Undergrad: 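This is the structure I want to talk about, given as C-alpha cells.
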Amino acid sequence: MTFTVKALLRTTKLPAVLSAALLVSFTASAASAVSVSPDDAPAQGPSDAKEVEAFADSFFNRADLGVPGAAIVIVKDGKVLLQKGYGFVDVEKKQTVDPDRTVFRIGSVSKAFTATAVMQLVEQGEIDLDRDVQTYMDGLRIDSRFQEPVTMKHLLTHTTGFDFTEPKPGDISPDLDRYVPLKDYIAENMPTVVRKPGESYNYDNFASMLQGYIVQNVSGIPFHQYMDEQLFKPLGMKDSGFLLTPDIRSKLATDYGPDGKPLPLYAVSPTELPQGGMFATVSDVAKFMITHLNNGAYGGNRILQEATAADMHSIHLAIHPKVPQMAYGFETSNKKSYNGRKVIGKGGNIGGFSSWMWLMPEQNVGGFIVSNKRTELHVQWFNAFMNHYYPKPAEPDVYLQPTQAELARFEGLYSELRTKTSLTQVTAAPDGKLIVEAPGAGKQELRQIDDRLFKDADGNLLVFQENADKSIGYLQYRYEVSTSKKLNVPKPFSDVRKEDGYAPYIATLQLLNLVKGKADGTFGPSEPITRGEFAAQTAGLLFMTLSKKPAVFADTQNHPAAAAIQTLHELGVIQGSSQSAFEPDKPITRQEAAVIVARTIQLGGASPMDAKLSGHTDPWALDGVKQIVALGLYGPEVKEAADGSVDYKAQQPMLRQEAAALFAKALSS
C-alpha cells in the first residue's frame with residue numbers, strides 16, 4: 001500500500017497545543033531578508049560604530065517589529081561596537097529597555113554556557129569526552145537498547161539516540177517557591193536510547209540538562225554555584241544566573257504573549273535548568289561572546305585554554321561535508337543567511353522570550369539579540385545584518401544529471417525525529433529531479449548539486465545520510481534541528497480493507513508506530529477499545545517519557561498500560577472510577593474518550609470550544625465532547641445534521657477504528 005503525506009497527515013505537524021513548546025529552542029532559520037538601508041555597507045563587515053547604530057536604528061524603528069522590546073549587542077575585535085535597547089521592558093509603565101540593566105530569559109542560548117562549563121572540566125581532566133557518561137552520574141542509569149555507551153561527545157553534538165528529548169507539560173509552573181532538584185527530575189524522566197549513539201542528529205534538550213547535571217556531580221557543588229564561580233564572576237557578568245533571585249526578578253523584563261498581553265511570572269523544572277534557564281543582560285552576553293572570540297580570555301581572566309576554545313568552535317558533526325551541524329555548545333547548518341561564511345551560534349525560545357547569539361570566528365565578530373515576545377524578529381535581524389555586512393557572493397550553481405533510476409534510492413517517506421509526525425515524502429522524477437513534499441514547504445522540485453546533496457529553487461539544501469550498508473537512512477531539509485528517518489511502510493492489517501473509510505487513519509497510526517496489531521496480523525477495527533489501551537495511545541500522542549512513579553490505581557499495577565495511565569493521571573488528564581480503581585480493561589465510552597483527548601489538547605493552553613450537539617451527553621462530559629466535535633476529531637460514524645448539530649453518540653463504547661480516526665485527526669489538526 002502506498003501512502004502520501006496528504007493522505008496521512010495533511011499539515012504533517014503535531015499541534016502546538018499538544019507540545020511543551022515553552023522550552024523548545026531553535027537556531028535562527030532561513031527567512032526572507034528585511035531590507036532596511038541602501039547597499040552601502042562596509043565590504044569587510046561592521047567597523048564604524050555610528051554606521052552600525054544607524055543601520056540598527058533603521059531596522060528597529062520600523063512600525064512592524066511586533067515586539068514590545070528588544071536589545072542587541074554587536075562585538076568585534078574584543079570590543080563592543082554597538083549595544084542598544086529598543087522599545088519597552090514594561091509597556092504599561094513605559095519603562096524602556098536598558099541593555100546594561102534589563103534582564104531577559106535567554107532560553108537555549110544557555111546551552112552554550114553549559115557546554116563551556118563542561119569543556120572547562122574536560123581540559124582539567126575531570127571529564128573524558130569519549131567515556132560513558134554514566135561514570136559521572138552518581139548512580140543514575142540510562143536505559144539503552146545498544147551496547148555502545150552514550151558519551152559526553154554525544155551529549156554535546158545531540159546524537160544520543162534518546163527517544164524523547166523535550167520538556168513535558170508541567171515543567172513551566174506559576175509556583176515560584178517550587179524547588180525541583182536536577183537529580184530528581186532526571187531520575188523521573190530518563191529517556192531511552194532507541195537509536196545507536198552517534199548515528200543521528202536530533203536537537204536534544206535532555207542531553208544539555210545531563211551536561212549540567214554532570215558538571216554539578218564532577219565539581220561537587222550545585223550547578224548554579226559552579227556557573228557563578230567559574231564563568232559569571234571571572235567574566236564580570238554581574239546580572240546573570242540560573243536562579244530567579246530577588247535581584248534578577250527586580251530587573252527581569254515583562255514577557256508578552258501572542259495577544260500582546262503580559263504573561264505571568266513562572267518557574268521551571270528542574271529549578272536549575274542547564275538547557276534553558278539562564279537569565280542575562282545583553283551586556284553580560286557580550287562579555288561571553290568576546291571571551292569565545294578571544295579564544296577563552298576576557299580582560300585579565302581566562303576561563304578556557306586556547307586549544308579548548310578552538311575545539312568548541314570546530315565542527316564535530318556534519319551529515320555531509322558541505323552541511324555542518326554541530327560544534328560543542330554551538331550550532332551551524334546550511335542556512336542561506338550565512339551567505340557562505342562560517343557562523344556558529346545558539347538560539348533560544350522560552351515563554352515570552354526569543355533570542356539568538358552568533359559568532360563569526362574568522363571575522364572576530366559576534367552578535368546577540370533578545371526580545372520579550374516570541375517572534376521571528378531575531379531571524380529577520382540576523383538575515384538583515386548578514387545581507388548588509390556580508391552579502392552572498394555570486395556563485396552559479398552546477399547541477400548533476402542523475403537518472404531516475406539513480407535517484408530511486410532516495411525515494412520514501414521520512415519521519416522527523418523531533419516531532420515524529422512531521423513527514424517528508426521524496427519521489428524521483430523522470431527528468432532527473434527529486435519531488436519533495438515537506439512540512440511548511442509544500443511540493444518542491446530539487447536538483448542534485450553533489451553526492452547526496454540537492455537544492456530547491458529557493459536555495460534550501462536537502463541532504464541524505466547513508467546507513468553503514470550505504471542504504472539511505474535519514475534526510476535533513478529546511479527544518480534544521482533534526483534529521484528525518486526513512487520509514488519502513490508496514491504491511492497493512494489483514495482485516496482492514498483499503499477502501500474502508502477508517503483505513504487511512506489506521507494506516508497513519510500504524511506507520512508512526514502508535515498502534516500495533518495482534519499476533520495474527522489483524523487489528524480488530526470493530527472491537528471496543530479499552531480504557532487502558534486508549535490511555536496508552538493518548539500518552540503516545542505526547543511523545544514524552546512516561547512516568548516512573550508507582551501506579552496510583554491499585555488495578556493498574558503490572559498492567560501493560562500502567563505507565564501511560566500514571567502519566568496522564570499526573571497531568572490531570574484522567575481520573576479513576578474510584579480513588580483506587582481505573583478499570584483499565586473496561587471498554588471506554590466515546591464521551592470518556594472525548595474528555596481525555598480534550599484535556600490533553602488543553603494542556604498546552606488551548607481554550608474550550610463550543611459546538612451544537614444533539615443526542616445525549618452526560619453533563620460532566622459536555623465540554624470535552626464539544627471540543628472534539630468543534631475540531632472535527634471523529635470518523636465516518638458521526639454525521640452533521642441539516643441544522644448543523646452533531647450526535648456524537650457519546651454514551652456508546654468507542655471502537656478501535658473510531659479511536660484511530662480521533663487520534664489521526666488530532667495529529668493533523
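Computed over heavy atoms, backbone and side chain alike; hydrogens, waters and symmetry mates excluded. Computed from a predicted model, the values in this text were never measured in an experiment. Count residues from 1 along the sequence.
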Undergrad: Determine yes or no for a side-chain-to-main-chain donor-acceptor pair under 3.5 angstrom, with N372 supplying the side chain and F353 the backbone.
TA: no
Undergrad: Suppose we screen for salt bridge (charged side-chain N to carboxylate O under 4.0 Å, His left out). Which residues come up paired with K153, at least two apart in sequence or across chains?
TA: D130
Undergrad: Pick one: which of V75, V282, T281 meets side chain to side chain contact (heavy atoms under 4.5 Å, CB included) with Q83?
TA: V282
Undergrad: Any chance the rings of F164 and F206 have centres within less than 6.0 Å?
TA: no
Undergrad: Please check this pair: side chain of S173 against backbone of D175, looking for a donor-acceptor N/O pair closer than 3.5 Å.
TA: yes
Undergrad: Quick one: side-chain hydrogen bond (donor to acceptor under 3.5 Å, both in side chains) partners of T308, sequence neighbours excluded?
TA: E123
Undergrad: Taking side-chain hydrogen bond (donor to acceptor under 3.5 Å, both in side chains) as the cut-off, I'd like each qualifying pair that reaches into residues 237-246, sequence neighbours left out, listed once.
TA: D239-K251, S240-D284
Undergrad: Might you work through the side-chain hydrogen bond (donor to acceptor under 3.5 Å, both in side chains) test for T271 and R178, ending with a clear yes or no?
TA: CA-CA 8 Å; T271 304; R178 181 178 66 170; over 6 Å; no
Undergrad: Between N294 and A297, is there a donor-acceptor pair closer than 3.5 Å when you use the side chain of the first and the backbone of the second?
TA: yes
Undergrad: Are the side chains of L129 and T151 in contact, using a 4.5 Å heavy-atom criterion?
TA: no
Undergrad: Is R418 salt-bridged to E166, cutoff N-O under 4.0 Å?
TA: yes
Undergrad: Sequence neighbours excluded, which residues qualify as side-chain hydrogen bond (donor to acceptor under 3.5 Å, both in side chains) partners of E148?
TA: none
Undergrad: So, does S110 use its side chain to make a donor-acceptor pair with the main chain of G107 at under 3.5 Å?
TA: yes
Undergrad: Please walk me through it: do L243 and E272 pass side chain to side chain contact (heavy atoms under 4.5 Å, CB included)?
TA: CA-CA 6 Å; L243 293 179; E272 299 176 54; 3.7 Å; yes
Undergrad: So do M544 and K168 actually touch side chain to side chain, heavy atoms under 4.5 Å?
TA: yes
Undergrad: Indicate the atoms forming the closest heavy-atom contact of R452 with H320, along with that distance.
TA: NH2-CD2, 3.9 Å
Undergrad: What pairs with K183 under salt bridge (charged side-chain N to carboxylate O under 4.0 Å, His left out), at least two apart in sequence or on another chain?
TA: D138
Undergrad: When you compare the side chains of Q225 and E229, does any donor N or O come within less than 3.5 Å of an acceptor on the partner?
TA: yes
Undergrad: Do L176 and L265 have side-chain heavy atoms sitting under 4.5 Å apart?
TA: yes
Undergrad: Decide side chain to side chain contact (heavy atoms under 4.5 Å, CB included) for L210 and D204; before the verdict, give the C-alpha distance in whole Å, the side-chain angles of both, and the deciding distance to 0.1 Å.
TA: CA-CA 10 Å; L210 283 178; D204 198 329; over 6 Å; no
Undergrad: Examine distances only and state if a side-chain atom of T165 and a backbone atom of Y203 form a donor-acceptor pair shorter than 3.5 Å.
TA: yes
Undergrad: Taking Q325 for its side chain and Y201 for its backbone only, find out whether a donor-acceptor pair lies under 3.5 Å.
TA: no
Undergrad: Taking only residues at least two apart or on different chains, which pairs with a member in residues 71-80 satisfy salt bridge (charged side-chain N to carboxylate O under 4.0 Å, His left out)?
TA: none
Undergrad: Quick one: CG on N202 to CZ on F162, what's the gap to the nearest 0.5 Å?
TA: 11.0 Å
Undergrad: Salt bridge between D255 and R105, side-chain N to carboxylate O under 4.0 Å?
TA: no
Undergrad: Does the side chain to side chain contact (heavy atoms under 4.5 Å, CB included) test come out yes or no for L156 and M326, once each step is laid out?
TA: CA-CA 8 Å; L156 289 166; M326 288 294 300; over 6 Å; no
Undergrad: Quick one: do the D98 and T102 side chains pair a donor with an acceptor below 3.5 Å?
TA: no
Undergrad: Any luck finding a side-chain donor-acceptor pair between Q124 and Q120 under 3.5 Å?
TA: no
Undergrad: Please tell me if the side chains of V343 and L359 come closer than 4.5 Å, counting only heavy atoms from C-beta onward.
TA: no
Undergrad: Distance alone, cut at 3.5 Å: any donor-acceptor contact between the side chains of R145 and T192?
TA: no
Undergrad: Applying side-chain hydrogen bond (donor to acceptor under 3.5 Å, both in side chains), name anything that partners D247, two or more places apart in sequence or on another chain.
TA: none
Undergrad: Under a 3.5 Å distance rule, please check whether H316 uses its side chain to pair with a backbone N or O of D311 as donor and acceptor.
TA: yes
Undergrad: Can you name the residues that form a salt bridge (charged side-chain N to carboxylate O under 4.0 Å, His left out) with E306, not counting sequence neighbours?
TA: R302
Undergrad: Is the distance from the ring center of F454 to that of F464 below 6.0 Å?
TA: yes
Undergrad: When you measure from the side chain of K111 to the backbone N and O of M209, does any donor-acceptor pair fall under 3.5 Å?
TA: no
Undergrad: Any idea which heavy atoms bring S208 and Q275 closest together, and the distance?
TA: CB-CB, 3.6 Å
Undergrad: How would you list, by chain and number, every residue that makes a side-chain hydrogen bond (donor to acceptor under 3.5 Å, both in side chains) with T545, sequence neighbours excluded?
TA: none
Undergrad: Between OG1 of T116 and CE of M312, what distance do you get to the nearest 0.5 Å?
TA: 3.5 Å
Undergrad: With W358, which of F385, F330, Y338, F368 fulfils ring pair (Phe, Tyr, Trp, His ring centres under 6.0 Å)?
TA: F385
Undergrad: By salt bridge (charged side-chain N to carboxylate O under 4.0 Å, His left out), which residues pair with D177, not counting sequence neighbours?
TA: none
Undergrad: Would you please test I214 and M152 for side chain to side chain contact (heavy atoms under 4.5 Å, CB included) and show each step?
TA: CA-CA 9 Å; I214 289 170; M152 181 59 71; 3.7 Å; yes
Undergrad: Is there a donor-acceptor pair under 3.5 Å between the side chain of E376 and the backbone N or O of V379?
TA: no
Undergrad: If only side-chain N and O atoms count, and only distance matters, is there a donor-acceptor pair under 3.5 Å linking T419 with E416?
TA: yes
Undergrad: Hey, could you give me each pair passing ring-ring contact (aromatic ring centres under 6.0 Å, His included) that has a residue in residues 269-288? Not counting sequence neighbours.
TA: F113-F288, F288-H292
Undergrad: Rounded to the nearest 0.5 Å, how far apart are NE2 of H158 and CG of L155?
TA: 8.5 Å
Undergrad: Going by the ring-ring contact (aromatic ring centres under 6.0 Å, His included) test, which pairs reach into residues 120-140, not counting sequence neighbours?
TA: none
Undergrad: Charged N to carboxylate O below 4.0 Å: is that the case for K470 and E466?
TA: yes
Undergrad: Could you verify whether a donor N or O on one side chain and an acceptor N or O on the other, from D171 and Y185, lie under 3.5 Å apart?
TA: yes
Undergrad: Might you point out which heavy atoms bring I344 and P361 nearest each other, and give the distance in Å?
TA: CD1-CG, 4.2 Å
Undergrad: For Q476 and T483, test the side chains for any donor-to-acceptor distance below 3.5 angstrom and give the result as yes or no.
TA: no
Undergrad: Side-chain contact test, heavy atoms from C-beta onward, threshold under 4.5 Å: evaluate it for L377 versus F382 and give yes or no.
TA: no
Undergrad: Within the side chain of N460, is there an N or O that forms a donor-acceptor pair under 3.5 Å with the backbone of R478?
TA: no
